[in-house]
Every structure is written in structure tokens, then in C-alpha cells.
Amino acid sequence: MDAGSGGGEEPGSSPGGERPEDDSPRGFLEAYGRGLRMGSFDWDLDSGLMHMDRNAHDVFDIRPEEYDENPETLGMRVPPGEGGRLDALVSQALKNGDENYGAYFRIRTRDGELRWTHTRGYIRRDADGRPRRIVGIVRDATDELNDATVQHERAAREAVRRRETSVVQSTTAALAHARTVSEVIDVLRETHGVEHLGATSFVMGLVRAGRIHLVAEGPSGSFVPGTHVTRVDDPYPMGEVVRTLKPRFIESPEDFATSYPELWPHITHLGIRSAAYLPLIAQARPIGAVGLLYHDRKGFTQSERNVLVALGSSIAQSLQRAMFYEQEKDLAQGLQQAMLPRSIPSVPGADIAVRYRAATGQSLGRDIGGDWYDVIPLPGGRVGAVIGDVQGHDTHAAAVMGQLRIVLRAYAAEGHTPATVMARASVFLHELDTERFATCLYAEADLSTGVVQLVRAGHLDPFLRRIDGMCRRLPVQGGLPLGLSAEFGRLEYPVTTVELDPGETLLLCTDGLVEQPGTDLDDGLQALATLVGNGPDDIDELADRLTASVGARGGEDDVALLLLRRRGAGPAQSGGRLTEHVPPGDPDALADARHMIRAAVRAWGAGDRADEIELVADELVTNALMHTDGPAIVTLRVLTGPGRRLRVDVEDTSSALPRRREAGDDGVSGRGLLLVDQLADVWGVEARGGGKCVWCEFIVPDRD
């Protein structure tokens, strides 16, 4: 008989264990007393047919013509879960040699009402003890719902319901902290919520572009070829729940095989007896589906279905948050990368390594920040290195950073001094429609001489790693952060000059590389110096190790890092650099400049080109004084590297570019640029902020 609600005979039922003298159904009715809505059955175990009288038909609310004496026909009134439990009870009684059994179970009437029913059956065996018949009664037990034992059963079911509800609540609480799709999947696995609901494993798919992409598979070996990506209209349970937006409860292997004949042959070996597939619905649209697979369950009660649907709703909400988070994160990181330089230019005479590590905060938006780096090739073998940090961790900080990086690069390329570059960048940031400020460190390195000019705006000091591996912090005088210095009218930025020997490395970084929660900043700076000193010699490997150390200690801030190493090995070679300021209308200053040029050219071993260099340098200084109203600044340098060169720079305050012109009537004026072009190996003009620089280079012999 396919019916039952687990458990044995309940108190309040008819007496058990007494054998009526008459084995006929009528005899049983007389033994129990004729009551309201009570019927009898006679089950022939050899043929499998069960005869029921009219009263029994009434109890099951089934018409005589609807019943063909096959017990499975009663499945139209007995829910599968109830029938499964009673089948197990009868089977156990037959195996144990029991003479009778009794149980309460529910039936669903024609109008959909659930009604309690009680059955008692007596097992008749032959001489060998083999069961041959079961005769018994069924009766309406609705009025017995208030019986203490029935109440105990209801309490037990309520306890199960509370436990399942608790599992859903605890799982939902854990899902609230999941930020990504993979974290949602991990929560379902690690909290054992699926196991506590009785499921052996689960599968999950997300809807993307009209297809279901499997993101979590079931037990090991359960992957079905061709199901990693399926169409919504494919004949699979996930596709069905996504199409219909309704859960699908598969209550038996037969149900699985009949409903999904293409899928079932591939998972038969897994021993799955039932499954619950739930649509994941967010904002009235399906975003995916989850399937719970069971090895030891047959059927689902209404309470169990409600709990599973509630779990599906929690998973859907968490997945939607995770998908929104990942979309925002991708956009934020894309913006961040777009604001940073796409590539670092190759700089002759230097090895450069840069790194950026995004923040890993707990709130949306903290995965992006305003940290940046930049490398700016400059004329004359110089290079600018920038590290900075805009206040805040959001897309606005990244946008401000991008604008600030571009203008700072432009000011440096125009030829402004490092202090002027920083001051103008501060004014620009102050004039933006933003309340953000920024810290910054700008280093301008002359790679031919090793002279580095440093300007700091509220930023961390740089570090210097020597050839022997020792690393120390370089104290640099500083001004207010960019934006604040303009607001308070304090745009003075002192310049600190240091020497960078060949093989030495300059390190610039943002505070995310040194700050650690609960520790002093000085301790972090000392730890960084130690880490750099013990790090590998290769500049890229060193950069990788430094950024990896942030994750190892649990740092959450974003990090920008720039390493600049002057090429070469061994002690520094004296390249030579001299500068002279020549004010207008001062003959003595002009004479001093000419003396300095002559002395430097002779001392640096220009050989037979000494006269040419002196003549061209004097011509450039004279032109600057004659054709501008300001002073001239003359700088002589020896450039080492491929071929030894002597460079002459003459700066003035006029933005007008020099041009060739015909010589005057006196035959003297107008020959300056022609002379420079004929004698110098190469020459040019560079914009320098409010003025310009005319430069030329001469190849000179190497010194012994």
C-alpha cells in the first residue's frame, strides 16, 4: 500500500496485537467496532492486488471506478513523501516477522485538503512464516489531531522545521559577507548549509547572454559533458526553472529519468534519488539556478519545499550583490588602469621597474584609489620620476589622479624646474572642482652625472639602495600636499640634491607599502629599508617581492612603487657639471662666465675641440644677453656612456625661438646659429617653462 506518515502505531488507536477470530474484513470491522468513516482492505501479497470496501474508498476519497485494486493507484491521494514512509514501515514489519503494524498518514482529498488517516494491518503468514496476506482497516483520524502522541509528532516536525529555518538563517547571514560569486559558492560549501538541509551536493549555474554557465559542480565525477554551458531551452532541469521561474522538485529516480532522459543516463552512477532545482530570481528576472542533490531522500514535504525556496531567494540576493560588485570592480579597475601609464618608456642609462597593487578593502569602491606613478623622459639625458597619492579610495580619486598625472607630466616636459613643476601642479589641483588633495614626490635625475633633484609635497621620503645592498631613507625637505599649498598660499617647495652612483637604486613608493594597522609609521619605514636591503639584486624581482609583502601582512591600501637604477657598476665616475649665472648688463659676470667655460673645457680634456666649444658657448651666451631682457644661465656637463660628449646648455627667459637670418651689412651680425650649426655635432632648442634652452653637444676624446 503506497501511503504513510512515518512511525509506528500511535496512542489512541484501536487495540494492537489482538487477533480477531474471523479473518475476513467484516470480522475486523466487528472487532474494532463500527465507527464513522472506517473501511477495510484485503491485500493479497502473491498477486499484489488489494481489495477495499466502499467505506475504504470513502476514506481515500476515491471512486470505486477509479480504483483498479492496484495499491499504486492510491498514489493519486497519498503524497509521495507519506507513501514512501509507509512503504518502509510495511517492508520492515514483513522482514521482522511482525504480526501487525499501525501508522498515521495524510491523504490529499479531491479538493486539495490534507486529511489525517489511520491504518492498521495484520500480516498473515503460511506455515513456513512467509507473509501471504495483509488484512486491516483504514479510518479517518482527523478528530485525533489533538491527541498527545500526535501532538508529539507535530512537535517533532516543528523541531525539524525550526532546524531547517535556522540553517537558512545562518547561511543567509554568512552570504551577507560574500562579495564575489566565488565567495558565495564558498559560503554554501564551508557553512555546510547544504549538508544540513540533507543534500549531498549542489550545482549552480548563472545566466549570461541567454545561456546557463555552470559555476559550481556537484560531487567529484558528476560533470556531464556538454553541460558546462547550455541554452535556456535545453531539456535540463536548470533550463526549466529558469524558463518557468518555478522550482522543480524531482521526487524519485523514476521522476528524474522520465523528466530528463538526456541527463539521467549520465548521472545514474551517482545514486541520486531526488533533487530540488530552484530558480535564482532577482528583481523579477532569472539570474541563474541552483540544484540540490539527495542520495537518501524520496519526496519533499510542503514545509521542506518552503525552506528550500527561501534558501534560493537568499542565494539569489547574494549573487546579485556579488555580480554588481564584480561589475563595479571591473569598471573601477579599468578606470584605474586607464589613468596609469600604459607603458614605461625606455630610458637610456637607467633600469626602471613600476608596480601598482589595488586596494583590498571590504567596501565597494575600496578596490580603487588615487595612487599613481609616472616616468618622464627629459632632454639632455635626464628623466623625471613621479610617485603620488590622491586622497580617497573611489572612482573620483582615480579621475583626479589621472588629470593630475597628465598636467604634472606636461609641466615637467615644458622644462620647468622641479620646484616649479610641483607648485604649478598644486595650483591646478586647487582650481579643479574637487576638495581632494594629493601627496607627491618628484625626482629629476641626470643619468649622465648622477645628480638627482628631489621635491616632496607631503609625501613619504624616498629610499636609496647602494651597490652593496645597504638601504637607507633619504631625508628630503618638503612642502604642503598639492592643492593645500595653493589654498594656503605656500607654494615654496625646497629642492634636495643627492648623488646616484652607477648601480644604485632610488625607491619611490606610496604609504600603502609601509603602513601596517597598529604599528608606528617609523617602524614600517625601517621594515621597508630592511626588506629592500635583503631583497634580490634584479630590479623586477625586487619590485615583485615588495608588492607581495603587502598581501602577506594583510595590507588593504593600494600601493604604487617605482624603482630607478642608474646603470653601471663600481664607483662613480666624475662626469663634471658647472653652472654660471650671467645677469644682463654686467661685463664682469660675462667675463667670469667665459673664464669658467675656458677652464672647464681645458680641465675636462676636450682636446683639439676646445676652441670650437669655447667659441660656440660664448656665442650662445652673448645671443641670450643681446636678444632677451633677462639673465642667461650657462651649464657645462660631461656626458658619459656610448661616446664621451661635452654639452653646453644656455637658458634665458624668452620664449622666442632663435632663427637663422642673413648677415648684416657689416658682415658680423646674423652668423651665430650658422656658427653653432657648423661647429657642434648636434644642437637644439627646448622649451623651459617661461623661457627656453639652446643646447649643443660635442664629441670629445675619452680620458686616459
>> I want to check a possible cation-pi pair here: Arg120 against Tyr101, using under 6.0 Å from ring centre and within 45° of the ring axis as the test.
In response: no

> Between Ala275 and Leu293, which heavy-atom pair has the shortest distance, and what is it?
Replying inline: CB-CD2, 3.8 Å

> From Trp43 CH2 over to Leu45 CG, what is the distance, rounded to the nearest 0.5 angstrom?
Replying inline: 6.5 Å

>> More than 12 heavy atoms of other residues, nucleotides or ligands under 6.0 Å from CZ of Arg211: yes or no?
In response: no

>> Between Asn96 and Gln92 (side chain of the first, backbone of the second, donor and acceptor by atom type, cut-off under 3.5 Å), is there such a pair?
In response: yes

>> What I'd like to find out is whether the side chain of Ile250 reaches to under 4.5 Å of the side chain of Tyr277, using heavy atoms alone.
In response: yes

>> Looking at Arg133 and Asp44, is there a salt bridge between them, counting it only when a charged N and a carboxylate O are closer than 4.0 Å?
In response: no

>> When you measure from the side chain of Thr268 to the backbone of Trp264, do you find a donor-acceptor pair of N or O atoms at a distance under 3.5 Å?
In response: yes

> Side chains of Leu263 and Phe256: closer than 4.5 Å at any heavy-atom pair?
Replying inline: yes

> Ignoring hydrogens and geometry, is there a side-chain-to-backbone donor-acceptor pair from Asp42 to His51 under 3.5 Å?
Replying inline: no

>> Between Arg110 and Glu66, is the salt bridge (charged side-chain N to carboxylate O under 4.0 Å, His left out) condition met? List the steps.
In response: CA-CA 12 Å; Arg110 194 176 303 276; Glu66 294 176 331; 3.2 Å; yes

> Going from NE2 on His295 to CZ on Arg273, what distance comes out if it is rounded to the nearest 0.5 angstrom?
Replying inline: 11.0 Å

> Run the side chain to side chain contact (heavy atoms under 4.5 Å, CB included) check on Asn55 and Val138 step by step: do they pass?
Replying inline: CA-CA 9 Å; Asn55 288 339; Val138 290; over 6 Å; no

> Rounded to the nearest 0.5 Å, how far does CG of Leu561 lie from CG of Leu546?
Replying inline: 5.5 Å

> Hey, does His57 have a side-chain heavy atom less than 4.5 Å from the side chain of Asp53?
Replying inline: no

> In Å, rounded to the nearest 0.5 Å, how long is the span from CD of Glu183 to CG of Leu319?
Replying inline: 12.0 Å

>> Quick check: closest heavy atoms across Ile123 and Pro131, and the distance to 0.1 Å?
In response: CG2-CB, 3.9 Å

> What's the spacing between Arg285 CZ and Leu280 CG if we round to 0.5 Å?
Replying inline: 11.5 Å

> Salt bridge or not for Arg355 and Asp544, using N-O below 4.0 Å?
Replying inline: yes

> Would you say Asp126's side chain and Gly129's backbone share a donor-acceptor pair under 3.5 angstrom?
Replying inline: yes

> Do the side chain of Asp98 and the main chain of Asn100 share a donor and acceptor less than 3.5 angstrom apart?
Replying inline: no

>> Do Val181 and Met323 have side chains that approach each other closer than 4.5 Å (heavy atoms only, starting at C-beta)?
In response: yes

> Is the side chain of Arg77 donor-acceptor paired with the backbone N or O of Asp61 at a distance under 3.5 Å, no angle test?
Replying inline: yes

>> Counting C-beta onward and ignoring hydrogens, is there a side-chain heavy-atom pair between Leu513 and Arg357 closer than 4.5 Å?
In response: no

> Hey, does Tyr236 have a side-chain heavy atom less than 4.5 Å from the side chain of Tyr260?
Replying inline: no

>> Does Val184 form a side chain to side chain contact (heavy atoms under 4.5 Å, CB included) with Thr180? I'd like the steps, not just the answer.
In response: CA-CA 6 Å; Val184 170; Thr180 65; over 6 Å; no

>> Taking CD in Glu65 as the centre, count heavy atoms belonging to other residues, nucleotides or ligands within less than 6.0 Å. Is the count above 12?
In response: yes

> For Arg243 and Asp233, what are the C-alpha separation, side-chain angles and deciding distance, and is it a salt bridge (charged side-chain N to carboxylate O under 4.0 Å, His left out)?
Replying inline: CA-CA 7 Å; Arg243 291 193 307 271; Asp233 57 356; over 6 Å; no

> Hey, is the main chain of Ile137 close enough, under 3.5 Å, to the side chain of Thr119 for a donor-acceptor pair?
Replying inline: yes

>> Go through it in stages, so that I can follow the logic: the residues are Leu206 and Ile212, the test is side chain to side chain contact (heavy atoms under 4.5 Å, CB included), and I'd like the CA-CA distance, side-chain angles, deciding distance and then a yes or no.
In response: CA-CA 5 Å; Leu206 296 181; Ile212 300 176; over 6 Å; no

>> For a quick test of reading the model, state the closest non-hydrogen atom pair linking Met401 to Asp371 and the distance between them.
In response: CE-O, 3.8 Å

>> Go through it in stages, so that I can follow the logic: the residues are Ile107 and Trp116, the test is side chain to side chain contact (heavy atoms under 4.5 Å, CB included), and I'd like the CA-CA distance, side-chain angles, deciding distance and then a yes or no.
In response: CA-CA 7 Å; Ile107 65 170; Trp116 280 103; over 6 Å; no

> With a 4.5 Å limit on heavy-atom distance, are the side chains of Met50 and Pro71 in contact?
Replying inline: yes

> Given Ser259 and Arg248, is the side-chain hydrogen bond (donor to acceptor under 3.5 Å, both in side chains) satisfied, shown in steps?
Replying inline: CA-CA 11 Å; Ser259 302; Arg248 176 66 166 91; 2.7 Å; yes

> Taking Gln317 for the side chain and Ser314 for the main chain, is one N or O donor matched with an acceptor at less than 3.5 Å?
Replying inline: no

>> Determine whether Thr510 and Asp389 satisfy the following criterion, side-chain hydrogen bond (donor to acceptor under 3.5 Å, both in side chains), listing intermediate values before the conclusion.
In response: CA-CA 7 Å; Thr510 55; Asp389 183 3; 5.6 Å; no

> Between Phe105 and His118, which heavy-atom pair has the shortest distance, and what is it?
Replying inline: CE2-C, 4.3 Å

>> I need the minimum non-hydrogen distance between Leu245 and Ile281, along with the two atoms involved.
In response: O-CD1, 3.8 Å

> Are side-chain heavy atoms of Asp46 and Arg132 found at a separation under 4.5 Å?
Replying inline: yes

> Does Phe60 have its ring centroid less than 6.0 Å away from the ring centroid of Phe41?
Replying inline: no

> Can you tell me if Thr73 uses its side chain to pair, donor with acceptor, with the backbone of Asn70 under 3.5 Å?
Replying inline: yes

> Once you round to the nearest 0.5 Å, how far does NZ of Lys246 lie from CD of Glu240?
Replying inline: 10.5 Å

> Distance-only, no hydrogens or angles: does the Thr109 side chain make a donor-acceptor pair with backbone N or O of Glu113 under 3.5 Å?
Replying inline: yes

> So, for Met238 and Gly291, which heavy atoms are closest and what is the spacing to 0.1 Å?
Replying inline: CE-N, 4.3 Å

